[in-house]
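The first residue in the sequence is number 1, and the count goes up from there.
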Amino acid sequence: MTTVVDRETARKLSLFRPLGYQRNACGYCKSENGTAAYYTSSVAVKPEHYEDLINRGWRRSGTLYYKQNLERSCCPHYTMRLEASAFKPSRDQRQAINRWNRYVLGPEYIRKAAQLCPKTREEKRYRKNNFDLLTAVHEAEYCNLKRPVDPKTKRAIEPAHKFEVIIETDSISQRKFDVFRKYQEAIHNEPADKWKNNDFKRFLCSGLKRNEPKEGEKRLGSWHQLYRLDGRLIAVGVLDLLPNGVSSVYLYYDPEFGDWEFGKLSALREIAFAIENDYQYYYMGYYIHSCQKMRYKAQYRPQYILDPESFTWDPLDGELMKKLDERPYVSLSRDRKLALEGSQEEGKKATENEEKGDVEMVNEEELSLFDIHMPGAMTAEEVEKLDLDHWLLLVNGTLIHMEDLVGWEEADVRNPQSVKGIVAELAAMLGPELVKTTAVVLFD
């Protein structure tokens with residue numbers, strides 16, 4: 001019997017199209033078949049649902065959502081997050097923002113402003129001994145500058161450059177696309193014709209559902225933070241704003257400004273944005289300990305790493321760092337459980353044997369997800385306890401229950417070729433809460 005869902009209920013749903021478990025080449029160590037992940041796609045995900053996914057180890061790239069099998073990948077991707085209000089910038093991070101501010105303001109403005117608007121001794125002393133992140137990131141913005149009148153010229157003093165930062169919807173524009181293409185060509189050595197307008201739109205302008213915030217409400221959904229210098233767009237930070245966090249999706253900038261460390265500048269500004277707008281966490285994406293170029297993320301402290309099995313957060317400090325130096329896959333919750341059971345050595349051997357057996361699998365992609373034993377995935381027994389019968393399925397614009405499908409009752413969740421098996425695998429990856437608030441898309 002066809003399910004009738006009112007428009008308000010349908011509006012609250014996120015839609016997911018399962019794409020399944022796949023092995024692919026690694027973009028970090030260049031291993032030909034070294035990374036494994038579960039994939040799904042969507043053009044309609046609510047921010048609160050994506051926050052749940054991030055806290056289960058997911059990330060998105062445009063409309064593609066994926067969760068890596070850390071135990072079966074050459075370069076495990078660990079989800080990391082920073083408590084924004086606890087952030088303490090390092091010396092080189094402070095130097096980066098101060099250097100940019102001096103460039104924007106220029107020596108002439110700095111000198112005249114100091115003469116015409118002198119700071120008190122207390123202010124000078126405080127500034128010398130303290131670094132205030134929120135003050136520093138806004139210091140050179142044109143809207144915040146004091147422009148006193150020069151008594152000689154009778155004109156307001158002006159900075160060397162007019163620097164502006166605004167946040168807007170993740171809309172597409174020719175200027176955004178032009179800067180992006182220049183960035184990809186210069187920084188990532190990609191041919192100029194690789195990216196078309198639609199590719200760019202799908203990658204960075206097709207994000208989460210946005211709200212229309214009323215006064216006092218947080219922005220939610222996908223947004224672009226635009227950096228302009230003298231009216232010219234020079235950088236774009238792509239952000240997913242979630243109920244409790246700011247997730248950095250991508251940053252690109254005009255290569256002409258490559259010497260100004262925009263990676264640091266944008267991260268500091270995004271952390272400040274989280275603090276100012278009452279987002280508790282800042283997500284920098286995945287931490288890849290095996291990739292030296294990605295270790296810079298650990299310099300934004302205090303960072304926490306998501307345990308791939310228990311979904312708890314562990315500080316990225318001595319214990320975890322040491323273990324990551326010793327082996328690629330680390331789950332502290334598993335290690336602690338084995339230690340409590342007094343069988344750590346046996347557990348280690350069992351894990352090594354399991355990994356060895358996994359490596360010898362000939363056709364892993366054809367197996368049921370439940371036979372791969374992917375960390376963080378629900379087991380078949382756990383999924384069978386969910387009410388999959390009443391999970392919603394979108395078919396030709398109509399929402400029906402899974403139990404309305406022919407042959408649903410007789411099908412086995414462990415059969416990866418059946419609709420029930422495909423749906424059960426998606427449920428195992430999304431988790432029990434999202435099954436209640438999402439719908440599945442299987443058929444065009």
Side-chain angles (χ1 to χ4, degrees), residues 47 51 54 80-105 123 126-146 159 161-170 207 210-211 213 215-229 233-253 257 260-285 287 296-304 316:
E51 184 168 78
I54 285 184
M80 68 190 318
R81 80 179 183 191
L82 169 77
E83 181 126 14
S85 62
F87 172 66
K88 301 296 182 186
S90 63
R91 181 181 179 185
D92 66 307
Q93 291 161 359
R94 297 194 301 268
Q95 288 175 337
I97 191 69
N98 289 334
R99 180 169 164 255
W100 173 254
N101 288 345
R102 288 194 298 270
Y103 166 72
V104 171
L105 298 176
E123 288 173 330
Y126 180 84
R127 185 180 177 91
K128 183 178 180 180
N129 298 315
N130 297 276
F131 178 87
D132 185 273
L133 176 64
L134 304 188
T135 299
V137 298
H138 298 301
E139 185 175 9
E141 290 177 11
Y142 193 76
C143 63
N144 294 323
L145 294 181
K146 294 178 180 178
H161 301 282
K162 185 177 182 180
F163 180 52
E164 300 167 292
V165 181
I166 64 165
I167 190 163
E168 68 172 33
T169 62
D170 62 342
R210 280 188 308 278
N211 68 342
E215 188 176 349
E217 289 184 343
K218 293 180 184 176
R219 289 188 180 92
L220 296 177
S222 295
W223 301 78
H224 287 171
Q225 195 165 50
L226 309 186
Y227 298 71
R228 288 195 175 94
L229 195 70
L233 183 67
I234 60 170
V236 178
V238 183
L239 303 176
D240 286 337
L241 303 183
L242 313 174
N244 298 295
V246 173
S247 176
S248 179
V249 179
Y250 203 73
L251 169 80
Y252 64 92
Y253 52 83
F257 295 87
W260 292 104
E261 300 183 285
F262 260 89
K264 290 178 183 176
L265 297 180
S266 64
L268 294 173
R269 181 169 289 275
E270 288 162 12
I271 294 169
F273 181 88
I275 295 169
E276 292 169 327
N277 294 279
D278 198 28
Y279 299 96
Q280 186 174 1
Y281 302 111
Y282 177 57
Y283 296 89
M284 292 188 75
Y287 174 71
Y296 76 90
K297 294 182 179 182
Q299 296 169 9
Y300 294 83
R301 297 171 181 158
Q303 286 283 7
Y304 290 81
L316 184 58

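For the atom pair Phe273 CZ and Ile167 CD1, the distance stands at 4.0 Å (nearest 0.5 Å). Rounding to the nearest 0.5 Å gives a distance of 10.5 Å between CE of Met80 and OH of Tyr300. Rounding to the nearest 0.5 angstrom, the gap separating the CD atom in Gln280 from the OG atom in Ser85 is 7.0 Å. For the atom pair Ile166 CD1 and Leu233 CG, the distance stands at 9.0 Å (nearest 0.5 Å). The structure places NZ of Lys162 at 10.5 Å from CG of Leu145, a figure rounded to the nearest 0.5 Å. Expressed to the nearest 0.5 Å, how far CD of Glu164 lies from CD1 of Ile234 amounts to 11.0 Å.
Relative to the ring axis of Tyr287, Lys297 does not place its NZ or CZ within 45° and under 6.0 Å from the centre.
When all heavy atoms of Leu133 and Ile271 are compared, the pair lying nearest together is CD2-CG2, 4.0 Å. What you find for Gly207 and Ser222 is that their closest heavy atoms are CA-OG, 3.2 Å. When all heavy atoms of Trp260 and Leu265 are compared, the pair lying nearest together is O-CD1, 3.3 Å. Closest of all the heavy-atom pairs between Ser247 and Ile54 is OG-CD1, 3.9 Å. Scanning all heavy atoms of the two residues, the minimum distance from Ala84 to Ala274 falls at CB-CB, 3.9 Å. For the residue pair Ala272 and Leu134, the shortest heavy atom distance occurs at CB-CD2, 3.6 Å.
Between Val236 and Leu251 there is no side-chain heavy-atom pair separated by less than 4.5 Å. Side-chain contact between His138 and Glu276 is present, with heavy atoms from C-beta onward closer than 4.5 Å. At a threshold of 4.5 Å between non-hydrogen side-chain atoms, the residues Tyr283 and Glu270 do not count as touching. Side-chain contact between Lys264 and Tyr296 is absent, with no heavy-atom pair separated by less than 4.5 Å. Two residues are said to be in side-chain contact when any heavy atoms from C-beta on lie closer than 4.5 Å; Glu83 and Tyr281 meet this criterion. Using a 4.5 Å cut-off on side-chain heavy atoms (C-beta onward), Ile275 and Tyr282 make no contact. For the pair Pro302/Leu82, a side-chain contact is recorded, criterion being any heavy-atom separation below 4.5 Å from C-beta on. In this structure, the side chains of Tyr227 and Phe257 stay at 4.5 Å or more apart for every pair of heavy atoms.
Between Arg228 and Glu168, none of the side-chain N atoms (NZ, or NE/NH1/NH2) sits under 4.0 Å from a carboxylate O, so this pair counts as no salt bridge.
With Asn101 contributing its side chain and Ala136 its backbone, the two residues share a donor-acceptor pair below 3.5 Å. Between the Gln299 side chain and the Gln93 main chain, no donor and acceptor come within less than 3.5 Å of each other. Judged by distance alone, with hydrogens and angles left aside, the side-chain atoms of Arg94 form a donor-acceptor pair with the main-chain N or O of Pro89 at under 3.5 Å.
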Side chain to side chain contact (heavy atoms under 4.5 Å, CB included) evaluation trace for Glu261 with Asp92: CA-CA 10 Å; Glu261 300 183 285; Asp92 66 307; 5.6 Å; no
Before giving the answer on side chain to side chain contact (heavy atoms under 4.5 Å, CB included), spell out for Asp170 and Val238 the whole-Å C-alpha distance, their side-chain angles and the decisive distance to 0.1 Å. CA-CA 8 Å; Asp170 62 342; Val238 183; 5.8 Å; no
List the steps and the verdict of side chain to side chain contact (heavy atoms under 4.5 Å, CB included) for Arg219 and Tyr279. CA-CA 10 Å; Arg219 289 188 180 92; Tyr279 299 96; 3.9 Å; yes
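The only option from Lys218, Glu51, Arg81 that meets the side chain to side chain donor-acceptor pair (under 3.5 Å) definition with Asn244 turns out to be Glu51.
Atom NZ of Lys88 sits in a sparse spot, with 12 or fewer heavy atoms from other residues, nucleotides or ligands closer than 6.0 Å. Within a 6.0 Å radius of CZ in Arg301, other residues, nucleotides and ligands contribute 12 heavy atoms or fewer.
When ring centroids are compared, Trp100 and Phe163 come within the 6.0 Å threshold.
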